[in-house]
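I have placed the structure first, in the form of structure tokens, so that the comments after it can refer back to it.
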Amino acid sequence: MLLEINNLHANVEGNEILKGINLKVNAGEVHAIMGPNGSGKSTLASVLAGKEEYEVTEGEVLYNGKNLLELSTEDRAREGVFLAFQYPVEIPGVSNTNLLKTAVNEIRKYRGEEELDSMDFLSLLKEKSKLVELDQKFLSRAVNEGFSGGEKKRNEIFQMAVLNPKLSILDETDSGLDIDALRIVANGVNKLKTKENATIVVTHYQRLLDYIIPDFVHVLYKGKIVKSGGKELALELEEKGYDWVKSDKAEAVV
Amino acid sequence: MENKTDIKQYFINQFDEFEKSLNGEKSSDFHKVRKDAISKFAKLTFPTQKDEEWKYTNVSSLLKHNFSPVPVKENVSSETINKFLFDKMEHSLLVFVNGNFSSELSKLIDIPKGVVIGSLAEALKNNNPIVKKHLGKYAENDNYFFTTLSSAFTKDGAFIYVPDGKVVEDPIHIIFITKSGSEKILTQPRNLFVAGKNSEVTIIEHYVSDEDSIYFTNSVTEIVADENAIVDHIKLQEESNKAFHIARMEVDQERSSNFSSHLISHGAEISRNDFNAKFNDDGSECMLNGLFMIGDEQLFDAHTMIDHAKPHCNSHEHYKGILQDKSKGVFNGKVMVRQDAQKTNAFQQNNTILLSDDAVMNTKPQLEIFADDVKCSHGATIGKLNDEAKFYLKSRGIGEDAATAILIHAFASDVITSIKIPALRDYLEEIITKRFNQ
């Protein structure tokens with residue numbers, strides 16, 4: 001098993017957002033986590049990536065059998081966890097190439113591999129940038145600075161392609177995208193899919209799942225997974241809306 | 001040693017010694033200038049924090065040492081000098097060892113006819129008319145304690161004269177190296193750079209030491225950019241971390257001239273920089289950029305003044321600081337827009353990053369505007385590295401140290417990229433990497 005989340009509780013500024021998440025992800029699977037705004041989707045993504053503002057109060061996360069929560073953010077990335085940000089950060093003065101070169105080499109160092117030489121690195125960038133139809137000129141530009149919404153999301157998937165993670169978490173990667181950008185992003189994700197890696201797609205909308213077909217769909221509501229099923233669950237949600245889950249959940253509690 | 005000296009009396013006494021070392025030169029016309037200065041010096045008082053201009057900068061630790069103002073001859077190997085050269089850059093090089101010009105270590109390459117690049121001592125000896133006309137005319141002694149000290153002990157420094165219409169293609173690199181050994185010495189380079197009408201020149205003033213010793217550099221640089229001249233000036237301060245560095249630069253800009261300056265500073269225990277530029281006529285442009293990186297208990301102080309005395313001039317000033325440990329930074333930037341100076345464009349900014357809770361920054365961006373049709377802005381920020389950006393980098397597998405270094409490079413990048421010499425940019429990137437990623 002690649003990822004196992006057991007009874008995960010997490011707080012932000014003293015408020016409990018995650019209230020006992022259970023989730024199992026195997027290599028080769030695509031999981032979609034859906035839910036209304038404020039249900040805790042992004043919190044879950046951030047906790048998995050190691051964002052410091054989130055305090056885990058209970059539960060455990062096992063990744064490849066290791067206690068993920070004990071690892072620093074950078075070590076999680078070096079172990080193969082990748083978060084595609086909902087709001088990618090602009091970093092003026094740092095080029096995409098510089099970021100990726102440093103990242104690739106730090107990861108290789110961690111794994112006891114030799115640094116990539118410049119030629120090999122550049123051809124890797126070239127190859128992967130095609131995957132998300134990212135123009136070469138983006139490589140020398142500052143990270144996300146002045147990028148359009150679509151360019152930022154494509155850049156996230158481009159980084160994912162270069163870093164070649166085992167577990168990718170896409171946090172609302174579809175939000176704000178036009179249909180072309182959505183197709184390009186989804187296409188990139190699909191091409192990167194192998195039997196060895198897994199993807200967690202966090203989204204509010206079903207539409208992305210027309211392009212990235214999930215093996216499992218989970219509905220997150222008020223910090224808990226209240227429903228799990230196959231890809232048809234997403235369609236059902238789209239049709240009936242989140243109110244259906246909310247009322248269902250209310251009934252279940254009663 | 002710990003006794004505070006009466007610094008004035010000390011230097012007045014030293015002046016006799018100094019005069020003796022001048023031999024026949026003390027009968028020259030120029031020696032009157034020195035004598036006037038030493039009598040003026042006797043009337044000035046050592047700056048303390050009670051002076052507005054020295055409010056945040058305590059230089060009283062200077063008084064703990066008796067620095068000898070009579071230059072000590074030392075030999076420095078060319079290998080030592082090579083450490084401070086910029087890779088793959090062929091350029092003219094002037095080297096001053098303990099304030100004395102070294103012709104053995106210097107070299108001149110492709111100098112157009114009529115251009116003078118050399119030592120001020122030589123020019124003084126030859127009664128150079130350009131020196132006579134300009135030296136001491138911009139950096140007036142007035143109430144400048146340290147300038148007056150420099151005037152009294154003026155002996156050598158770099159002198160560059162580019163006649164009208166001449167273009168010096170390659171940068172001129174001037175290295176001031178101090179090798180003090182057991183003796184605590186004071187070196188006082190007195191530099192004069194005169195760029196004639198329609199001329200072009202790039203000058204790098206580079207203060208270095210490869211020792212960890214205590215010494216005092218007190219430099220004064222006067223720059224004249226005549227009509228339509230383009231002068232690019234870079235000062236790189238890499239003194240010993242125990243040294244004192246006090247420097248003044250005065251720039252006189254004539255019609256349509258373009259002056260740009262970069263100050264990169266990371267050495268010295270205490271460094272104080274007075275940079276003043278004055279627009280004497282219409283249509284000129286002035287850029288003052290700076291980057292200071294200090295740690296331990298270092299202190300860096302920049303006092304700048306851009307005087308918009310005439311209309312249609314543009315100035316751009318951007319100083320950036322990176323402070324570690326218990327270091328202290330001071331920025332006091334003044335832009336004066338006088339009544340005549342309509343259509344002035346003036347931009348001034350100071351940004352500082354504090355990497356430690358114990359570091360302190362005092363910043364005072366000042367605008368004084370007496371004209372009514374101008375565009376001016378100024379501002380200052382003091383903050384930490386962006387946590388969001390750091391998290392983003394870490395989430396890509398980049399460790400704490402490397403992430404910090406990347407963000408510092410990024411913070412410094414706009415000052416560094418505005419330097420036009422690629423080899424120098426690389427040299428500076430290397431300094432940042434050494435400082436923050438080891």
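Note: hydrogens, waters and symmetry copies are ignored here, and every other heavy atom, side chains too, is used. Quick note on labels: first sequence line is chain A, next is B, and so on, each numbered from 1.
A donor-acceptor pair shorter than 3.5 Å cannot be found between the side chains of B/Asp296 and B/Asn241. A/Lys101 and A/Ser118 are linked by a side-chain donor-acceptor pair at a separation below 3.5 angstrom, with hydrogens and angles left out of the test. B/Glu238 and B/His206 share a side-chain donor-acceptor pair at under 3.5 Å.
Interface check for chain B: of the options A/Asp75, A/Ile107, A/Thr102, the most heavy-atom pairs under 4.5 Å are formed by A/Thr102. Chain B forms the most heavy-atom pairs under 4.5 Å with one residue out of A/Leu100, A/Val89, A/Leu83, and that residue is A/Val89.
For A/Leu99, the parts lying under 4.5 angstrom from a heavy atom of chain B are both the backbone and the side chain. When heavy atoms are compared at a cutoff of 4.5 Å, A/Val162 does not approach chain B at all. Neither the backbone nor the side chain of A/Asn105 comes within less than 4.5 Å of any heavy atom in chain B. The contact between A/Pro88 and chain B is made by backbone and side chain atoms together, counting heavy-atom distances below 4.5 Å.
The existence of a salt bridge linking A/Glu106 and A/Arg78 is confirmed by a sub-4.0 Å separation between a basic side-chain nitrogen and an acidic carboxylate oxygen. Under a 4.0 Å N-O distance rule, the pair A/Lys152/A/Glu90 qualifies as a salt bridge. With respect to the salt-bridge test (charged N to carboxylate O, under 4.0 angstrom), the residues A/Arg154 and A/Glu133 do not qualify.
Contacts with chain A (heavy atom to heavy atom, under 4.5 Å) involve these residues of residues 405-420 of chain B, listed by number: B/Ile406, B/Leu407, B/Ala410, B/Ser413. Residues of residues 387-396 of chain B lying under 4.5 angstrom from chain A, judged on non-hydrogen atoms, are B/Glu388, B/Ala389, B/Phe391, B/Tyr392, B/Leu393, B/Lys394, B/Ser395, B/Arg396 by number.
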Q: Show your working on side-chain contact (heavy atoms from CB on, under 4.5 Å) between A/Val56 and A/Leu8 and close with a plain yes or no.
A: CA-CA 7 Å; A/Val56 174; A/Leu8 182 68; 3.7 Å; yes
Q: Start with the C-alpha distance between A/Leu18 and A/His9, add both sets of side-chain angles, then the distance that settles side-chain contact (heavy atoms from CB on, under 4.5 Å), and finish with yes or no.
A: CA-CA 5 Å; A/Leu18 300 183; A/His9 290 249; 5.6 Å; no
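B/His318 and B/Phe347 have perpendicular rings, their planes meeting at more than 60° on a 0 to 90° scale where under 30° would count as parallel. Using cut-offs of 30° and 60° for the angle between ring planes, the B/Tyr207 and B/His245 rings count as perpendicular.
When ring centroids are compared, A/Phe138 and A/Phe147 come within the 6.0 Å threshold.
A donor-acceptor contact shorter than 3.5 Å links the side chain of A/Thr73 to the backbone of A/Gly50.
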